[in-house]
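Below: one structure, written as structure tokens.
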2 protein chains.
Amino acid sequence: MSPTTETLTAERILEATEEVLRRHGPAKATVVDVARALGVSHGSVYRHFRTKAALREAVTQRWLDRTAAALAGFVTEERDPEARLRDWLRGLFDAKRHKACDDPELFATFSVLTGENSGVVDQHIAELTAQLAEIVRDGVARGAFTAGSDPAVTARAIFQATGRFHDPAYAGEWRRPGVEEEFAAVVDLLMRGLRAADGGA
Amino acid sequence: MSPTTETLTAERILEATEEVLRRHGPAKATVVDVARALGVSHGSVYRHFRTKAALREAVTQRWLDRTAAALAGFVTEERDPEARLRDWLRGLFDAKRHKACDDPELFATFSVLTGENSGVVDQHIAELTAQLAEIVRDGVARGAFTAGSDPAVTARAIFQATGRFHDPAYAGEWRRPGVEEEFAAVVDLLMRGLRAADGGA
DNA sequence: CAGCTGACAGAATTCAATATCTGTCAGCTG
DNA sequence: CAGCTGACAGATATTGAATTCTGTCAGCTG
């Protein structure tokens with residue numbers, strides 16, 4: 001009765017766990033459900049993940065890593081740093097907003113998971129701000145930006161200042177009319193603060 | 001047995017309700033408790049507030065109004081607009097942070113209340129951004145700021161960009177070492193974006 | 001013998017019975 | 001008679017007994 005006869009891998013378990021979470025939600029997804037979906041006993045799942053918490057953490061990490069990977073492209077491009085920075089911020093906002101608006105239940109599920117796994121989230125945020133710092137550093141090197149002192153500090157400030165447009169806590173606001181304008185206003189203000197004093201004029 | 005023999009006023013009920021909330025927390029504070037604290041029957045409380053929700057809403061508003069009033073001073077001062085803006089933002093951050101750190105339980109209670117009363121909170125935020133807009137408008141008039149288009153839009157952007165330092169959702173972060181620097185970095189970036197192009201040089 | 005199974009103990013959740021609370025109102029009281 | 005009381009009905013919350021889940025492990029299977 002197994003869905004497939006492939007060997008049981010961590011990857012397949014993660015896949016099944018995501019599916020179970022999608023179907024049952026975070027409160028009712030059990031590891032027995034996951035095992036059933038894979039056609040194995042739940043004891044087998046524990047061979048790959050020490051605890052249910054570890055399994056959920058791994059799913060969370062996978063999810064967050066996908067987002068980070070999608071944004072990495074903007075970092076290495078050969079283009080105007082300000083444009084790249086704007087695109088990166090917009091990319092993050094759009095990605096989150098689409099997830100939140102297209103499938104609110106799934107998004108709520110992952111909001112619960114991220115709430116449970118602050119360590120993984122901290123790591124994710126560190127990765128994102130590192131990407132931002134890279135763009136800022138490049139902008140400073142090219143004379144497009146004036147980063148106060150440390151690009152990493154500036155990057156963190158940019159990330160925090162735009163929190164309303166990527167922190168799941170604010171997901172409810174992303175449907176409201178006017179968010180677009182609010183996003184633009186915040187980004188514009190930040191970009192003006194970031195531009196080199198000579199203004200590129 | 002009444003604590004006092006004064007007539008029962010809305011004000012006295014609000015006072016007692018705050019006390020009951022402080023003692024019992026938001027989940028266990030009942031209107032019977034409030035009535036008992038005042039030495040009256042709970043029916044009397046309903047003479048002044050149609051529902052328990054209305055009572056809690058009024059308490060919430062009182063609480064938020066106090067914060068807003070404390071900041072209003074910075075708006076009308078005759079000083080460098082940038083300094084006033086910085087002081088206003090710091091004032092908001094310090095006020096919230098002290099409330100959150102000095103009495104975490106009470107702060108949690110009010111976080112629950114604000115979560116219940118989004119209408120009142122929206123009004124409070126509108127008032128705060130109006131104060132900000134006033135400072136921005138003044139700064140533009142004096143040639144200290146370049147507000148992109150509408151001071152109100154800029155004010156909203158400033159408020160949202162500093163959300164991490166006043167939104168109760170982030171209260172947990174306010175104890176961490178480094179918040180001070182993060183706050184400074186965000187505010188500096190915003191101030192640079194706000195300053196007139198001539199830089200006041 | 002590497003990997004899986006399924007019975008098991010203790011932890012966590014559900015559910016229904018019970019207790020408490022909200023909001024109303026007829027009547028009391030000063 | 002303006003304002004308060006307290007009994008009441010329906011709604012909500014609490015409790016603890018019964019179910020379900022997690023995590024382990026001795027033994028089965030290919």
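Chain letters run A, B, ... following the sequence lines, proteins first and then strands; every chain starts at 1. What you are looking at is a predicted structure, and each value in this text was computed from that prediction instead of being measured.
Taking 4.0 Å as the cut-off between side-chain N and carboxylate O, B/K96 and B/E173 do not count as a salt-bridged pair. A salt bridge links B/E182 with B/R164; the closest basic N to acidic carboxylate O contact falls under 4.0 Å.
With rounding to the nearest 0.5 Å, the separation of CD in A/Q131 from CG in A/L92 is 9.5 Å. With rounding to the nearest 0.5 Å, the separation of CG in B/L64 from CG in B/L128 is 8.5 Å.
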Item to check | Worked verdict on B/R79 versus B/D87 for salt bridge (Lys or Arg N to Asp or Glu O under 4.0 Å) | outcome: CA-CA 11 Å; B/R79 283 167 58 211; B/D87 288 350; 2.8 Å; yes
Item to check | Pair B/D65-B/R62, salt bridge (Lys or Arg N to Asp or Glu O under 4.0 Å): steps then yes or no | outcome: CA-CA 5 Å; B/D65 283 352; B/R62 235 167 79 109; over 6 Å; no
Item to check | Nucleotide-level pairing of DNA chain C, given in dot-bracket where Watson-Crick and G-U pairs need both distances under 3.5 Å and | marks other strands | outcome: ||||||||||||||||||||||||||||||
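Taking the six-membered ring for Trp and thresholds of 30 and 60 degrees, A/W63 and A/F110 have nearly parallel ring planes, at less than 30 degrees apart.
No hydrogens or angles were tested; on distance alone, nothing pairs the side chain of B/H42 with the base of D/dG6 as donor and acceptor under 3.5 Å.
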Short heteroatom pairs, N/O only, protein and nucleotides 12-17 of chain D, under 3.5 Å:
none

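C/dT5 atom P lies 10 Å from atom CG of A/L38, rounded to whole Å. Atom CD1 in A/I13 sits roughly 14 Å away from atom P in D/dG23 (whole-Å rounding). Remark: C1' of C/dT29 and CG of B/L8 are 16 Å apart, rounded to the nearest angstrom.
More than 12 heavy atoms of other shown residues, nucleotides or ligands fall within 6.0 angstrom of atom CZ in A/R142.
The residue B/V32 sits close to a base: some heavy atom pair falls under 4.0 Å.
Across all non-hydrogen atoms, the minimal contact from A/E180 to A/F93 is OE2-CE2, 4.3 Å. In terms of heavy-atom proximity, A/L132 sits nearest to A/A155 at CD1-O, 3.6 Å. The minimum heavy-atom distance linking B/A171 with B/F107 is given by the pair CB-CE2, 3.5 Å.
Of the candidate nucleotides C/dT5, C/dC4, D/dT22, D/dT22 has the atom lying nearest to any side-chain atom of A/T30.
DNA chain D lies under 4.0 Å from at least one heavy atom of each of the following residues of residues 44-56 of chain B: B/S44, B/R47.
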